[in-house]
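Protein chains get the first letters and strands the later ones, always in sequence-line order, with residue 1 at the start of each. The figures here come from the full heavy-atom set of this structure, side chains too, leaving out hydrogens, waters and symmetry mates. Computed from a predicted model, the values in this text were never measured in an experiment.
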Amino acid sequence: MRSAAAAAAPVAATDPQLLAAAVEAAIASRSPRLGRAAHARAIRLLAPAIPPFIRAHLVNLYSKLDLPGPAAAALASDPSPTVVSYTAFISGAAKHGRPAPALSAFAAMLRLGLRPNDFTFPSAFKAAAIAPPSSAIGPQVHSLALRFGYLPDDAFVSCAALDMYFKTGRLALARRLFEEMPNRNVVAWNAVMTNALLDGRPLETVEAYFGLREAGGMPNVVSVCAFFNACAGATYLSLGEQFHGFVVKCGLERDVSVSNSMVDFYGKCRCVGKAKVVFDGMGVRNSVSWCCMVVAYAQNGGEEEAFSVYLRARRAGEEPTDFMVSSVLTTCAGLLGLDLGRALHAVAVRSCIDANIFVASALVDMYGKCGGIEDAEQVFFEMPQRNLVTWNAMVGGYAHIGDARNALAVFDDMIKCGETAPNYITLVNVLAACSRGGLTKEGYELFKTMNDRFGIKPQIEHYACVVDLLGRAGMEEQAYEIIQGMPMRPSISVWGALLGACKMHGKTELGKIAAEKLFELDPQDSGNHVLLSNMFASAGRWAEATDVRKEMKNVGIKKEPGRSWITWKNVVHVFQAKDTKHEMNNEIQALLAKLKSQLQAAGYMPDTQYALYDLEEEEKESEVFQHSEKLALAFGLICIPPGVPIRIMKNLRICVDCHRAFKFISGIVGREIIVRDNNRFHHFKSYKCSCKDYW
DNA sequence: CTAGGGTTAG
């Protein structure tokens, strides 16, 4: 901020030194506006005789601020450009990911007979490293550097060449250059370490580090970051912990980037506590530090903590960056916090980062997961560019609400557009959409042809989807055959899908088989036991239902209590079945009684098949009328004004009777009701649900 | 006045 103020201060004299200082300040402020002002001042005060070094300053100014047009104009308007102006231009263009202008400027200076120096070559290599790898530009720059005598002796030039060979995928050439380097410094080792990381070979990063140490070298900040990064990627927890000790001894942990990479490392190794210790101990933090801490919580099930770290960052004066907003949005998706997500969308718009592809994709994902499909569509259709993750998020959004038609349509668009090939996640989402939307034939066809059409072999998740798909449609036996023909061991989700289907269609015997497999794979899970017990109960096989319950008790498995919650005026109201503790219990009970008679008048019959024990019908009826989701709905109907959709969350699947009742209630009282359970969304409107009773 | 290797996200 100080530098911005300096740049804004008027330059009174035509003193070139003062002007140069103003240009430096404009660069530091990273503000194109101040940069243009500095340029205008230079032209006004010094034209027509601008000293050569000021011209180089101006080229540098525009290049550093990433204003390619003005930078090129400033260079072109210079009657006698120097190596320095050209190098500044090349450097800026390379830094901002514009290899083409950088390399053509390099060619232009050669044509003018200007001799590239030891500053020029590193920037030229940097540009060559990000040029299309098919072009042979990198080796050409290499031979020039040889001819001008900067290779192999100049350390800066050779390190830049090394990095270029790695980044353009010429591994053999890179390794040979590395072997032949006479001055193999830390930066050379770092280039090996970081490029191994980029190519997904963390073990090689660690090995290169030990190579550096054996050669008697000392790691610097970059080496340390790369090492932690490798440990994070490969979850080498104890190696990273040992390294942490060493880093502290060297005093390198005082560097912000090093500490950031430690926070990230501990987070990725599922040690949020240790991440927090590092974060709390940091004397200086930057926006990346806050972001690493948010991500550490978010990726370890600490959505609330992640969000509160974000709020702390904002209070500490951090601007919301694209990194931060996209990270926090995933926590909103996890919390199902549509309101929080909307608020973040507004933040993104205000900070002009809502079109960033990461942010926009995160928005599509968040809206899709939080039940705001129209908002997801709007973001999706308005974004300037899309990539694989964006498409997957949109298809996934449709899958969540079971809109198979639109999921298939978007998938079709993706294929037709031809820029992005689908991956296995895309196909999981499409199959899941078909399954939930009841497009059995289309889904099954896609499953059978996905390898031929897209070169994606069905993996375990695809099998789980297709078992679900067939199972929901009442083809449990066919699903079972597919399971038996699987080339890999069926997972929990595969057997779970079969069990769910058997429960849905009362295929008790096959369900028993699936349940037993599940008990083997995950003996502590309560959900499967409950499902099997309920299945016996609905078949009237009460003795077996009770046996399963007893077994659960013996093994010490507790059923997770069903909970539903609803947010009203920023307060979360949580309900459990038969809950009477809520402050508005009397009003809730009164409304439920009234609804019950309205429902019966409308032709609703309670579905008591899943009431847990062998009770008399009437008792079962009152039992299902105290389910947590019904209590939450009654509360919502009392508090939330007409016209506003009522959004309810549940930690387990919505119960069959509640589902039936909600359809009636949505029609009787003319309200939109949206239930998000642990499986999917249900949109109730005018006696119907978006799932078409197929879930 | 110009230079190499770097931390965070969907």
Side-chain angles (χ1 to χ4, degrees), chain A residues 16 20 23-24 27 51-61 63-64 82-92 94-95 116-126 129 150 154-164 166-167 185-195 197-198 219-229 232 255-265 267-268 286-296 298-299 321-331 333 353 356-366 386-390 392-393 396:
Chain A
V23 167
E24 286 303 309
I27 290 173
F53 85 95
I54 289 290
R55 289 185 188 281
H57 254 313
L58 291 174
V59 174
N60 184 33
L61 167 78
S63 299
K64 282 233 171 74
T82 62
V83 188
V84 175
S85 321
Y86 270 105
T87 303
F89 182 89
I90 296 165
S91 151
K95 201 164 263 165
N117 64 13
D118 51 339
F119 281 65
T120 318
F121 275 110
S123 289
F125 277 121
K126 197 188 177 93
Y150 293 111
D154 189 291
F156 275 87
V157 178
S158 53
C159 284
L162 178 68
D163 190 58
M164 178 278 295
F166 275 124
K167 293 222 158 63
N185 60 12
V186 195
V187 179
W189 287 100
N190 288 347
V192 178
M193 290 179 75
T194 55
N195 282 294
L197 259 180
L198 285 174
N220 67 7
V221 167
V222 176
S223 339
V224 170
C225 287
F227 193 95
F228 278 121
N229 217 327
D255 181 273
V256 192
S257 295
V258 169
S259 286
N260 291 347
S261 63
M262 288 199 290
V263 172
D264 185 57
F265 154 72
K268 295 241 158 62
N286 61 15
S287 64
V288 179
S289 324
W290 291 100
C291 204
C292 288
M293 198 59 232
V294 167
V295 171
Q299 290 181 346
T321 63
D322 43 0
F323 274 95
M324 182 58 113
V325 171
S326 59
S327 309
V328 179
L329 277 168
T330 64
T331 75
I353 52 171
N356 171 284
I357 195 155
F358 279 87
V359 174
S361 301
L363 282 169
V364 173
D365 184 61
M366 179 278 295
R386 302 178 189 121
N387 63 15
L388 180 62
V389 178
T390 325
N392 286 354

Distance below 4.0 Å between [X] side-chain N/O and [N] OP1 or OP2:
X	N	value
Ser123(A)	dT2(B)	no
Lys126(A)	dA3(B)	no
Lys268(A)	dA9(B)	yes
Asn392(A)	dG10(B)	no
Asn286(A)	dT8(B)	no
Ser91(A)	dA3(B)	yes

Quiz item: CZ/Phe228(A) to OG/Ser223(A) distance, rounded to the nearest 0.5 angstrom?
Solution: 11.5 Å
Exercise. Please state how far atom NZ in Lys64(A) lies from atom C1' in dT2(B), giving the value in whole angstrom units.
Key: 8 Å
Quiz prompt | Between C1' of dA3(B) and OH of Tyr150(A), the distance in whole Å | solution = 12 Å
Name the nucleic acid region contacted by [X], choosing base, sugar-phosphate or nothing; use a 4.0 angstrom heavy-atom cut-off, strictly under.
X	result
Asp118(A)	base
Ser85(A)	nothing
Asp255(A)	base
Leu329(A)	nothing

Quiz prompt | Polar side-chain contact Asn190(A)-dG6(B) base: donor and acceptor under 3.5 Å | solution = no
Exercise. Decide yes or no, distance alone: a donor-acceptor N/O pair under 3.5 angstrom between the base of dG10(B) and the side-chain of Ser326(A).
Key: no
Quiz prompt | dG10(B) base stacked by Phe358(A) (centroids within less than 5.5 Å, tilt under 30°) | solution = no
Quiz item: Do Phe119(A) and the base of dT2(B) stack face to face, with centres under 5.5 Å apart and an angle between planes under 30°?
Solution: yes
In terms of side-chain heavy atoms of [X], which of [options] is nearest?
X	options	result
Thr194(A)	dA9(B), dA3(B), dG6(B)	dG6(B)
Val389(A)	dT8(B), dG6(B), dG10(B)	dG10(B)
Lys95(A)	dA3(B), dG10(B), dG6(B)	dA3(B)
Phe156(A)	dT7(B), dA9(B), dG4(B)	dG4(B)
Asn60(A)	dT2(B), dG6(B), dT8(B)	dT2(B)
Phe323(A)	dG4(B), dC1(B), dT8(B)	dT8(B)

Exercise. Using modelled atom types only, decide if a donor and an acceptor are shared between the side chain of Ser259(A) and the backbone of Val256(A) within a distance under 3.5 Å.
Key: no
Exercise. Tell me yes or no: between the side chains of Asn260(A) and Ser257(A), is some donor less than 3.5 Å from an acceptor?
Key: no
Self-check item: Derivation of the side chain to side chain donor-acceptor pair (under 3.5 Å) call for Asn286(A) and Ser289(A)
Solution: CA-CA 5 Å; Asn286(A) 61 15; Ser289(A) 324; 2.9 Å; yes
Quiz prompt | Test ring pair (Phe, Tyr, Trp, His ring centres under 6.0 Å) applied to Tyr150(A) - qualifying residues, sequence neighbours left out | solution = Phe121(A)
